[in-house]
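The analysis underlying the following values was restricted to heavy atoms, covering all of them including side chains, and did not include hydrogens, waters or symmetry mates. Position 1 is the first residue of the sequence; numbering continues from there.
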Amino acid sequence: MGLGIMMATIAGAVALGVSHADEAAPLGPPWDGQLPAAETHPCLFFGVEDLPRLRQRVQREPYRLWLDRSRGSYLPLGPALVWALTGDEAQAAVARRELVDKPIWREPVHQYIEPSSHHLYLAAAAYDLLYSWGGLSREDHRLIRDKLAAEAEFYLKTMDAVPGGCNFGNQRTLGASALGMCAMVLADYEGSAHTPQQWLDRALLEIRRPENYWFFRPDGSFVEGYGYTTYMGCLLTPFTVAYYRNTGQNLLDDPALRAMLRWHAYFLLPDGHNPNFGTTNHVSGGNSLFAPFVNREFGGDMVGLYAWAARRTTDWRVHPWLHAAAIAWFDDTITPAPDQYPPSAVFPISEMMVMKDGWGDDLTGVWVTGKDSGWLEHRYQTYSHADATSFLFYSHRSWLVGDSGYPHWRNYTDGYGPEYHNLVLVDGAGPGQDTRAELRHAVMTPQADACTIETEYAGVKVQRLFLFAEKRVLLVMDFLRGEGPHEYLYQLHTPLPLEAPGVRVGARQLRWPGWDMSRQQATEVQAWAHFAGPVQLERIPSQWLPTTEALEPNVAFGARWFIEGPNCLVSALHAQRPSQEEVTVTTRQEGVIQHLEARTGNWTLTAQARPQPGPLADGGARAVAQALVVCRDRGGGARWVYVWGAEEFTLQGLPDVAASGLHRALIVRQGGAWDVAPTAEGT
């Protein structure tokens, strides 16, 4: 991010005029690779020995498509790749002109290395591929190598501080990745103030140093968001491949980078877009991270998931910067096998959870966010939305409940505030960008997923229960504890333009069409929201960021109520396609207890909740609790039970010793016996 925020460098490094790499202790594997003893070309993604195999490979898809898309594009790398794999002399000449006759582009106003790094990479990789072409004279070689070395020295100097365009995060990682690849291409270069080995050491140090690596949450979330992860991966991915090929060190052996890829896969949709929490919009093509890693060396036990992610786009679109790495490393014999991995996942350090009914093209999914405490104080304003307890809802390639988006470089208020997120406002106020919210008691089973997000804002303690029942109906139960009277507003935002047809506001229910982000049109999928409490439903003003940088008005709903003291609201959302079995929902309130029933031909779901613990009963389940949910099969037998906020609990058929002490729990019938589902590690 180009904020120009100055951060401390390693003490004395600038004053003494030495690089951090000169002082730093060895990083250790996999961050301590040595350059090969002798420079060879090509070296980044494949060698001379690989050329016969790759020339055969590009005769078939998807390799042929990637090569065709490289022709004449992303100069000079695209033409150089075409020449290397086809012998096309005209393309070689194009690459030479770019390398010899033009300077390596550097951002002209501020000398930022973040946008410049793309061009350093393109030039270094193109030279690596074009090195053996007879059309390069001795003078051409000298000129190109000197240009690359001069850029490497500039990057080394620039990364002694944190000027704009070299901030820690995606910018620093992009610059360091380009520097590292330049070092590998010029392994034998002499005549600069620093050696290629020092360039590589510095690149590794900058990526791995704590100030930069802090952005990589240990469970996989990248603080700057999905979009910037994708952007950063356009150079970090080829650097990872080239570094492994040249040094034998695999950066994916680092748990943080492997976790990042896993997180990225769980935030990728079948249409190639993504849920847009935080500083990102609906980015298409996130699989660019994965294609070069779909092989046994990099994929390991995650290769089936990487293969799924790499194919989640239209017509095999891979970023052109990754074409060479993908042609060399993608293994099309590896079958996508997402079903080997649970469809749902919890990220307890990032306080986020993904709830999905599967990995298919028609999946239904819910993404829930809290807010972790590991952020540096000044990073909240830049990267964090005021969205703690918010959620997103998606089904059958349609967005039903969305997020306002990220107004890139516009400011850090429009789209960031709590009024643009799917959460409860208290007297018009919501969480701040730095409001901590804990994700607790996450459970994941084939029958249901659940978690609770807990926080406090506007003087009210907020506990929000999400229960994805039968992977079809999303129960959202808000338990709110505050002193005195308050006006509450539960918000639901959609990506629909204001003129979208089919939007209905009833007394206790809402209906609206889904939105296809790729085609930018409403779909046949219908979203329904039902409320069991005494709320006033209305359309509220909102705005969202579609695929441009301009915020536009959109359809949003509010459920408003005014009450004093502790209270709760039971609501349910579901998606309905014409070909799907219909879900019917009824709601009512009896005294302080809110009731909701959802029914299909195969199961019946009954939910009840109250503001404070008290008697609740449903069939064989008895509790002093705040919520009790029971799901029954067609014959009326209980399939599973969820209890929340329990002080006492019994369930017919569950031994008292197992029921004793359950506070929040999902109890599932396995055969003829009950079993308490374990909470996810860390929650």
Engineer: Y416 vs Y406 aromatic rings, parallel, tilted or perpendicular, using cut-offs 30° and 60°?
Structural biologist: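 It falls in the tilted class, 30° to 60°.
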
Engineer: Are E454 and K461 within salt-bridge range, i.e. N to O under 4.0 Å?
Structural biologist: no

Engineer: Just by distance, with hydrogens left out, do E538 and Q536 show a side-chain donor and acceptor under 3.5 Å apart?
Structural biologist: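 E538 vs Q536: donor-acceptor pair found between side chains.
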
Engineer: Would you please say whether a donor-acceptor pair under 3.5 Å links the side chains of W399 and D516?
Structural biologist: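 D516 and W399 do not have a side-chain donor-acceptor pair below 3.5 Å.
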
Engineer: Can you tell me if Q670 and W640 form a side-chain donor-acceptor pair at under 3.5 Å?
Structural biologist: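 No.
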
Engineer: Using a distance-only test with no angle check, is there a side-chain donor-acceptor pair under 3.5 angstrom linking T604 and R599?
Structural biologist: yes

Engineer: In Å, rounded to the nearest 0.5 Å, how long is the span from CG of N554 to CH2 of W544?
Structural biologist: 7.5 Å

Engineer: Show your reasoning for whether salt bridge (Lys or Arg N to Asp or Glu O under 4.0 Å) applies to E524 and R577.
Structural biologist: CA-CA 6 Å; E524 66 176 7; R577 281 191 308 166; 5.3 Å; no

Engineer: Is it true that D633 and R639 have a side-chain N and a carboxylate O under 4.0 angstrom from each other?
Structural biologist: no

Engineer: Output yes when D361 and R397 qualify as a salt bridge under the 4.0 Å nitrogen-oxygen rule, no when they do not.
Structural biologist: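 Looking at D361 and R397, the cut-off is met.
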
Engineer: Less than 4.0 angstrom from a charged side-chain N to a carboxylate O is my criterion; do E456 and R436 meet it?
Structural biologist: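 The answer is no: the pair does not qualify as a salt bridge.
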
Engineer: For the CZ atom of R440 and the CD atom of E351, what is their distance to the nearest 0.5 Å?
Structural biologist: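 Output value for this atom pair is 10.0 Å.
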
Engineer: Taking atom types as modelled, is there a side-chain donor on D449 or S344 under 3.5 Å from an acceptor on the other?
Structural biologist: yes

Engineer: Consider only side-chain N and O atoms of S542 and H493, and report whether a donor and an acceptor are under 3.5 Å apart.
Structural biologist: yes

Engineer: When you measure from the centre of the six-membered ring of Y490, is the NZ or CZ of R464 closer than 6.0 Å and no more than 45° off the axis?
Structural biologist: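 Yes, R464 sits over the ring of Y490.
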
Engineer: Are D357 and R472 close enough for a salt bridge, meaning some N to O gap below 4.0 Å?
Structural biologist: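 No, D357 and R472 are not salt-bridged.
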
Engineer: Taking side chain as C-beta onward, heavy atoms only, is L439 less than 4.5 Å from P348?
Structural biologist: no

Engineer: What do you reckon, are the aromatic ring centroids of F562 and H486 less than 6.0 Å apart?
Structural biologist: no

Engineer: Is the Y394-W515 ring centre distance short of 6.0 angstrom?
Structural biologist: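 For Y394 and W515, the ring centres are not under 6.0 Å apart.
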
Engineer: Anything under 30° is parallel, anything over 60° is perpendicular, the rest tilted; go ahead and classify W367 against F267.
Structural biologist: tilted

Engineer: Distance only, no hydrogens: is a donor on one side chain within 3.5 Å (strictly under) of an acceptor on the other, for T369 and H421?
Structural biologist: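 Distance-only check fails for T369 and H421.
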
Engineer: Q433 and Y380: side-chain donor and acceptor closer than 3.5 Å?
Structural biologist: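 Result is no, nothing qualifies.
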
Engineer: Is there a donor in the side chain of T452 and an acceptor in the side chain of W644, or the other way round, less than 3.5 Å apart?
Structural biologist: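 The answer is yes; a qualifying pair exists.
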
Engineer: Any salt bridge linking D434 with K371? Criterion: basic side-chain nitrogen under 4.0 Å from a carboxylate oxygen.
Structural biologist: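 No, D434 and K371 are not salt-bridged.
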
Engineer: Look at the rings of W528 and H574 and say which category their plane angle falls in: under 30° parallel, 30 to 60° tilted, over 60° perpendicular.
Structural biologist: parallel

